[in-house]
Structure formats: C-alpha cells, structure tokens
Amino acid sequence: MPTKKPETNKDLKSDHYFQKVYDVTCLIPYGRVSTYGAIADFLGLGSARMVGWALNHSHTQAHIPAHRVVNRKGELSGRLHFATPTLMEEKLALEGIEVVENKVKNMDNLFWHPREIEEY
DNA sequence: AAGGTGACAGGGT
DNA sequence: TACCCTGCCACCT
C-alpha cells in the first residue's frame with residue numbers, strides 16, 4: 001500500500017515541503033533577514049538542517065530571496081552555494097544590510113520571524 | 001549496509 | 001562572551 005502518511009516528518013521527501021520553504025522565504029520583507037530555525041519552527045516540519053537542504057535546491061526554482069536566510073548568529077553560512085562566494089553579501093548590501101566578516105550587522109533588529117505575518 | 005557530512009540550533013561549561 | 005557537545009534527519013560515499 002502506497003498511501004503513506006502525512007503529519008509525519010517523512011513528508012519531507014515531498015516537493016510540497018520544498019514549496020513551503022520557498023513560500024515562507026519569499027515572505028521575508030525586503031531589507032530584513034530570517035533564520036533556518038525560524039522557518040523550520042514556523043512550518044513545524046523537519047529541522048533547521050532540512051531548511052538548509054531545501055534552500056540548497058532553490059537555485060532551480062524561480063527568484064527566491066535565499067540570501068535573506070542566515071544562521072542564528074547572523075552568519076552567511078550559505079554564501080558558498082551561490083554563483084559566486086560574494087553574491088549573497090552583495091545582494092544583502094543592495095538592500096541596505098551591512099555585512100562584515102560574513103556576518104550580518106545589527107542582526108537583532110533585522111531579524112524577522114515568519115510569525116510576524118499575523119501582525120499585519 | 002553503515003558511517004560521514006551538512007546553507008542549524010540550543011544548552012552546558 | 002565564546003567554545004564545545006549533542007540532537008537533528010536526508011543525502012552521499
């Protein structure tokens with residue numbers, strides 16, 4: 001019997017999961033950043049590592065502001081997965097986000113949690 | 001088949 | 001404050 005079950009984390013294999021990650025990522029406001037953990041927390045599926053895994057495949061999809069996702073310390077841990085090692089920092093700079101030593105400055109104020117959507 | 005490797009995070013020291 | 005250790009879970013040797 002093929003019909004397996006949802007609800008479980010095994011659902012991560014579905015493209016549906018990838019899409020959810022992309023959707024949330026696209027909700028991150030211009031000039032703000034979020035984290036792998038915050039997205040995983042909001043989705044309630046998988047772990048922060050899974051979010052990174054999903055984003056790793058985001059390059060095949062349409063424009064996804066993956067550069068706005070950093071780790072909890074504000075470090076650009078995914079920069080090496082972009083076309084060039086500096087592209088992630090450049091994109092953030094265009095949005096007015098200051099990056100020093102591969103770390104987002106003023107992370108506390110720029111951090112955005114998907115839960116804030118409900119406050120609109 | 002089993003162990004190593006990540007675009008991570010949180011708690012302990 | 002900073003570093004280390006452990007949990008996490010799918011993918012790749």
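All chains are named by letter (A, B, ...) in the order of the sequence lines, taking the proteins before the strands, and each is independently numbered beginning at 1.
Between A:L55 atom CG and B:dC8 atom P there is a gap of 10 Å when expressed in whole angstrom units. Taking atom CG of A:L43 as the reference point, atom C1' of C:dC8 lies 16 Å away to the nearest angstrom. A:L45 has its CG atom 14 Å from the C1' atom of C:dA10, to the nearest Å. Separating the CG atom of A:N56 from the P atom of B:dC8 is a distance of 11 Å, rounded to the nearest angstrom. Between A:I39 atom CD1 and B:dA9 atom C1' the separation is 14 Å, expressed in whole Å. The separation between A:F18 atom CZ and C:dC9 atom C1' is 13 Å, rounded to whole Å. One interatomic measurement links the two molecules: NE2 of A:H16 to C1' of C:dA10, which rounds to 19 Å at whole-angstrom precision. Spacing between atom CE of A:M50 and atom C1' of B:dG6 amounts to 9 Å, rounded to whole angstrom units.
Judged by distance alone, the side chain of A:S34 and the main-chain N or O of A:W112 form a donor-acceptor pair under 3.5 Å. Judged purely by atom type and a 3.5 angstrom limit, A:E95 has no side-chain atom pairing as donor or acceptor with the backbone of A:L92.
DNA chain B lies under 4.0 Å from no heavy atom of any residue of residues 84-109 of chain A. In the region residues 64-75 of chain A, proximity to DNA chain B at under 4.0 angstrom, judged on heavy atoms, holds for A:A66, A:N71, A:R72.
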Please set out all donor-acceptor pairs under 3.5 angstrom arising from side-chain atoms of residues 98-111 of chain A, sequence neighbours excluded.
none

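The phosphate of B:dC8 (OP1 or OP2) has no side-chain N or O of A:T35 nearer than 4.0 angstrom.
The shortest side-chain heavy-atom distance between A:H67 and A:P65 falls under the 4.5 Å cut-off. Under the 4.5 Å side-chain criterion, counting only non-hydrogen atoms from C-beta, A:D41 is in contact with A:R115.
Each of A:R49 and A:H57 has a nearest nucleotide on DNA chain C; the 5'-most of these lies closest to A:R49.
Between the OH atom of A:Y36 and the CZ atom of A:R49 there is a distance of 11.5 Å, given to the nearest 0.5 Å.
Closest approach of A:N56 to A:H59, counting heavy atoms only: O-CD2, 3.2 Å.
Exactly one residue among A:I97, A:I28, A:L76 makes a side-chain contact (heavy atoms from CB on, under 4.5 Å) with A:V33. That residue is A:I97.
Taking every side-chain heavy atom of A:A48 into account, B:dA9 is the closest of B:dA9, B:dA7, C:dC8.
The aromatic rings of A:W53 and A:Y17 sit parallel, their planes meeting at an angle under 30°, below the 60° perpendicular limit.
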